[in-house]
Amino acid sequence: MRLFWWSGAAAVRTMVPDMAGKVLIVANPTSGGYSAEFLDDVRNRLEDLGCKTEIRLTRRAGEIGDICADPSLPVQTLVVAGGDGSVNEALTGFQNHPAPPQLGIIPFGTANVLALELGLPRNAKAIAELIRRGKTRQLHYGLANGRPFVLMASAGFDAEVVHAVPLSLKRRLGKLAYVITALRTGFKRKSASLKVILDGEELTGKLAVASNARHYGGPFVICPGGATDPGLHMLVLERDDPWSSFCYGVALLMGRIHKAKGALVRPFKTASILATGAVAAQVDGDPFGATPLEIRQTDKTVPILAPCRGNGAASPPRLPTPTTSTPSVIAGLAPAIQFVTSATPKPLRLDSARHGCHGRAMA
């Protein structure tokens with residue numbers, strides 16, 4: 001029988017021998033790039049390394065969240081094989097878990113922005129070794145109307161694209177599906193104004209992105225900090241007409257979002273995104289209804305398997321504190337620009353900081 005128990009007010013987990021080293025891989029077979037052969041390769045390598053490993057395929061939406069919310073889950077490590085949406089499901093489940101296991105990621109899916117953010121490996125051997133070593137960093141996240149987000153929560157044009165992209169097109173074309181949908185949507189949509197309240201200060205704009213991560217839509221940097229750093233940032237764009245979106249996209253592609261005219265990037269603790277009518281919203285690249293959005297930081301973290309940055313490694317860049325009309329950027333058409341140019345964005349310079357990495361090797 002597989003057993004574990006909880007003790008103490010903080011529900012500290014005590015592992016029994018049958019649980020120590022147990023790895024559960026939960027896979028979404030509908031994710032782009034899903035490969036049963038690849039998962040078998042990872043499992044076989046983990047077994048060779050002495051880690052008892054099980055693969056479980058989901059059959060319905062929300063199943064990953066249900067698995068992760070189960071307090072009797074007898075594993076040391078839960079690995080999500082899927083995209084950013086699957087990772088978001090896991091975090092949503094962990095919200096109701098008294099002491100979640102450490103989280104791992106096998107990057108399937110369309111964008112895999114979090115995998116990029118954390119520098120996660122893509123080959124089976126390196127993934128298995130990362131899981132076996134058990135080195136973790138603390139994954140921070142924010143809440144939008146109570147729903148966790150590890151990348152971003154936004155309202156405006158980008159959310160309209162997320163709502164409008166056909167699932168069949170997304171599965172067939174991957175990121176290109178967003179490019180096509182953005183171009184189709186951008187020239188016929190009616191723009192809506194947003195009221196953004198950041199820690200009590202009122203701003204207006206056409207698109208608002210609350211970001212927990214540095215990256216947006218791929219390798220594009222929109223703010224300082226990162227998913228393993230505490231704190232949220234808000235990007236507000238004054239305009240979202242096709243030409244302005246194109247210019248913002250170019251600025252984003254060049255790593256100069258904070259230099260774009262009509263854009264603002266600012267740290268915050270609590271925020272409201274409001275509109276006169278309903279404006280589309282999205283969380284971590286999946287549709288999330290419409291405004292209003294109430295967004296806040298949370299002190300909760302989840303241990304996630306990731307390569308260490310190393311002591312004294314540079315942390316993500318800190319943007320200058322915005323003045324009255326400091327810049328920022330939208331990434332609405334940046335994927336289209338990258339698709340056309342195949343350019344690589346220039347990284348922003350960051351302040352130096354020390355980032356701890358905690359080890360918990362598999363038994």
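Below, each value reflects all heavy atoms present in this structure, side chains not excepted, and no hydrogens, waters or symmetry copies. Just so it is clear, the structure is predicted and the values come from calculations on it, not from any experiment. Residue numbers count from 1 along this sequence.
Between Asp66 and Arg60 a salt bridge is recorded (basic side-chain N to carboxylate O distance below 4.0 Å).
Applying the salt bridge (charged side-chain N to carboxylate O under 4.0 Å, His left out) test to Asp199 and every residue at least two apart in sequence or in another chain returns nothing. With sequence neighbours excluded, the residues that form a side chain to side chain contact (heavy atoms under 4.5 Å, CB included) with Asn145 are Phe288, Leu293, Glu294. Applying the side chain to side chain contact (heavy atoms under 4.5 Å, CB included) criterion to Ser211, with sequence neighbours excluded, gives Ile222, Cys223. Taking Phe268 as the reference, nothing meets the ring pair (Phe, Tyr, Trp, His ring centres under 6.0 Å) condition, with sequence neighbours excluded. Taking Glu89 as the reference, nothing meets the salt bridge (charged side-chain N to carboxylate O under 4.0 Å, His left out) condition, with sequence neighbours excluded. Under the rule for a side chain to side chain contact (heavy atoms under 4.5 Å, CB included), the partners of Asn112 that lie at least two apart in sequence or sit in another chain are Pro107, Ala115, Arg122. Annotation: side chain to side chain donor-acceptor pair (under 3.5 Å) contacts of Arg184 (sequence neighbours excluded): none. Residues forming a side chain to side chain donor-acceptor pair (under 3.5 Å) with Thr185 (at least two apart in sequence, or on another chain): none. Remark: Arg59 pairs with no residue by the side chain to side chain donor-acceptor pair (under 3.5 Å) rule, at least two apart or across chains. Residues passing the side chain to side chain contact (heavy atoms under 4.5 Å, CB included) test with Asn96 are Ala69, sequence neighbours excluded. Residues satisfying the side chain to side chain donor-acceptor pair (under 3.5 Å) test with His215, not counting sequence neighbours, are Glu117.
Put simply, OG1 on Thr92 and CZ on Arg147 are 4.0 Å apart, with the number rounded to the nearest 0.5 Å.
Sorted by first and then second residue, the pairs that involve residues 33-44 and meet salt bridge (charged side-chain N to carboxylate O under 4.0 Å, His left out), not counting sequence neighbours, are Asp40-Arg43, Asp41-Arg45.
Under the 4.5 Å side-chain heavy-atom criterion for ILVMFWY residues, no single connected hydrophobic cluster contains both Tyr216 and Leu116. Both Leu305 and Phe38 belong to a single network of hydrophobic side chains, linked directly or stepwise wherever heavy atoms of I, L, V, M, F, W or Y lie under 4.5 Å apart.
In this model, a donor atom of one side chain and an acceptor atom of the other lie less than 3.5 Å apart for Ser193 and Lys206.
At a threshold of 4.5 Å between non-hydrogen side-chain atoms, the residues Lys259 and Met254 do not count as touching.
Between Leu198 and Ala271, the shortest heavy-atom distance links the atoms CD2-CB, 3.6 Å.
With Ile304 as the partner, the side chain to side chain contact (heavy atoms under 4.5 Å, CB included) test is satisfied by one option alone out of Thr136, Ile105, Leu120: Ile105.
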